[in-house]
Amino acid sequence: RRGGSLKALALDWSWDELKQKEALGNRRFDLVVGADVLYEHDFIEPFLTTASRFSKELVLVQNVNRAGTEPFLKLSKELGLEVERIHLEDYYELWRVNFLTCSTSERES
């Protein structure tokens with residue numbers, strides 16, 4: 001798309017919703033991008049919640065050998081999210097998650 005803009009922000013997904021909204025304001029973003037961020041089970045739910053709270057779509061490059069791979073896919077399925085998986089090379093995949101495909105109640109859980 002032409003005429004767009006790009007802004008990168010650091011955000012701690014372990015913060016509660018209020019602190020996150022204080023840091024970002026009431027902004028929503030078209031896209032959240034990450035690479036190799038799903039390596040601990042404890043990070044998965046807060047990461048997915050944060051990404052869905054502020055973005056329409058999530059794109060990840062994931063090492064599928066990481067411990068967080070299966071828990072992320074399981075939680076996404078439980079939330080009604082479809083994860084498009086595209087094999088890149090070796091044990092890396094590109095994942096796309098569209099948060100607009102789940103209901104508002106699922107996004108806030």
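Hydrogens, waters and symmetry mates play no part in the numbers below; they use all other heavy atoms, side chains included.
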Nearest-0.5 Å distance, [atom1] of residue [X] to [atom2] of residue [Y]:
X: Asn98; Y: Ser52; atom1: CG; atom2: OG; value: 11.5 Å
X: Leu11; Y: Gln20; atom1: CG; atom2: CD; value: 4.5 Å
X: Thr69; Y: Tyr91; atom1: OG1; atom2: OH; value: 12.0 Å
X: Trp95; Y: Gln62; atom1: CH2; atom2: CD; value: 4.5 Å
X: Asp12; Y: Thr50; atom1: CG; atom2: OG1; value: 8.0 Å
X: Tyr92; Y: Arg66; atom1: OH; atom2: CZ; value: 7.0 Å

Partner residues of [X] under the side chain to side chain donor-acceptor pair (under 3.5 Å) criterion, sequence neighbours left out:
X: Lys74; result: none
X: Ser76; result: none
X: Trp13; result: none

Contacts of Lys21 that satisfy salt bridge (charged side-chain N to carboxylate O under 4.0 Å, His left out) - sequence neighbours left out: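 By the salt bridge (charged side-chain N to carboxylate O under 4.0 Å, His left out) rule, Lys21 matches Glu17.
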
For Lys19, salt bridge (charged side-chain N to carboxylate O under 4.0 Å, His left out) partners two or more places apart: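 Partners of Lys19 under the salt bridge (charged side-chain N to carboxylate O under 4.0 Å, His left out) test: none.
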
Who pairs with [X] by side chain to side chain contact (heavy atoms under 4.5 Å, CB included), at least two apart in sequence or on another chain?
X: Arg96; value: Glu57, Val59, Glu84
X: Arg27; value: Lys7, Leu9, Phe29
X: Asp42; value: none
X: Asp90; value: none

Within the 4.5 Å heavy-atom criterion, are [X] and [Y] side-chain neighbours or not?
X: Glu78; Y: Leu75; value: yes
X: Leu94; Y: Arg85; value: no
X: Val33; Y: Leu58; value: no
X: Ile86; Y: Glu93; value: no
X: Val97; Y: Phe99; value: yes

Nearest non-hydrogen partners of His41 and Ala67, listed with the distance: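 Looks like CE1-O, 3.5 Å.
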
Step-by-step side-chain contact (heavy atoms from CB on, under 4.5 Å) determination, Phe47 to Leu60: CA-CA 12 Å; Phe47 174 73; Leu60 296 174; 3.8 Å; yes

Cluster overlap Leu18 with Leu24, hydrophobic side-chain contacts below 4.5 Å: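 No; tracing contacts between hydrophobic side chains, which count when under 4.5 Å, never links both residues.
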
